[in-house]
Amino acid sequence: MRITGDGIWGPPDDRDEALRVLRRAVELDVQLIDTADSYGPDVSEELIAEALHPYPEGVIIATKGGLTRTGPGQWPRNGRPEHLREACEGSLRRLRVDQIDLYQLHSPDDDVPYEESVGALVELKDEGKIARIGVSNVNSDQLATARGLTEVVSVQNRFNLSDRSNEDVLETCTEDGLAFLPWFPLGSGTPAALASEIAEDRGVNAHQVAIAWLLARSPVMVPIPGTSSVDHLDENVAAAELELSDEELGRLADAA
Ligand SMILES: NC(=O)c1ccc[n+]([C@@H]2O[C@H](COP(=O)([O-])OP(=O)(O)OC[C@H]3O[C@@H](n4cnc5c(N)ncnc54)[C@H](OP(=O)(O)O)[C@@H]3O)[C@@H](O)[C@H]2O)c1
């Protein structure tokens, strides 16, 4: 999402750096890249294909449909089956694939029964256009509804040190082995103050503490920190090696 312009609209300020970020991610063994048709719109998927197609074995490009764009920072929902089909076809074209590894329903749409939106993804999967289905921005009831209709392999909800309102959904994912992709994992670039304190003691940065905390939080956690910078990407990937002590995890547990 961060390899686009301001308000997640249009091309990024530094296109070459965005392409470098994508190529470096794969070099560093990043196995999942999260995008959406609505990022740009189209820009993020197009850059991913330009930088990485043909995609190396084992790299999952996870995209989403269900939000539309009317301007910078504006994200009207559209969960109608006909829109989702069109969105998926567009993503297949831009990503230059016959099948999308992981297709996530970006958000429930209050104007469309959730069953109908999920049903559209089930049809696309039956047709082979989607390998796996994920959901995003769901509560426990919506997740249960989706799982009653099809196999759901992942949930992408907001979750970070300062915002743990999706704890119940995370718990279900942990118990049942669904991947949990926390969005705003770095608090949108400003991790909680306590992360900075711990980072200073450990000689790392606060973003790395935020990622290490997420990884320690559940074995199904798949952090998707957004960045437009190779240096930040390097730091964020290195955070996978950072082990927080029980005492640090205890302090962070109380920090929400
Ligand atoms: N499903 C949904 O509804 C939804 C909603 C929002 C986001 N998402 C997904 O979640 C991903 C993550 O969310 P996000 O990108 O909005 O927020 P985030 O990962 O919490 O924070 C990203 C921000 O942190 C900065 N940053 C990253 N690493 C850094 C580092 N090591 N040091 C200093 N600053 C750093 C980035 O700036 P630089 O570019 O300068 O590094 C960027 O401004 C998105 O990219 C998107 O794929 C999904």
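Start at 1 and go down the list; that is how both ligands and their atoms are numbered. Hydrogens, waters and symmetry mates are skipped; everything else that's a heavy atom, side chains included, is used.
- Within the model, atoms NE2 of His207 and NE2 of His232 stand 7.0 Å from one another, a figure rounded to the nearest 0.5 Å.
- Side chains of Glu45 and Thr35: a donor-acceptor N/O pair is absent below 3.5 angstrom, by distance only.
- With sequence neighbours excluded, no residue forms a side chain to side chain donor-acceptor pair (under 3.5 Å) with Glu151.
- Under 4.0 Å from any atom of ligand 1, one finds heavy atoms of residues Met1, Arg2, Asp34, Tyr39, Lys64, His106, Ser136, Asn137, Gln156, Trp183, Phe184, Pro185, Leu186, Gly187, Ser188, Gly189, His207, Ile224, Pro225, Gly226, Thr227, Ser228, His232, Glu235, Asn236.
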Side chains of residues 126-136: which donor-acceptor pairs under 3.5 Å do they make with residues two or more places apart or in other chains?
unit_1, atom_1, unit_2, atom_2, d
Glu127, OE1, Arg85, NH1, 3.0
Glu127, OE2, Arg85, NH2, 2.7
Lys129, NZ, Glu89, OE2, 2.8
Arg132, NH1, Asp101, O, 3.0
Ser136, OG, His106, O, 3.2
Ser136, OG, Gln156, O, 2.7

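- In this model, no donor atom of one side chain and acceptor atom of the other lie less than 3.5 Å apart for Thr68 and Asn78.
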Just list the side-chain donor-acceptor pairs under 3.5 Å for residues 108-124, sequence neighbours left out, or say none.
unit_1, atom_1, unit_2, atom_2, d
Asp109, OD1, Asp111, N, 2.9
Asp109, OD2, Gly79, N, 2.9
Ser117, OG, Gly79, O, 2.6

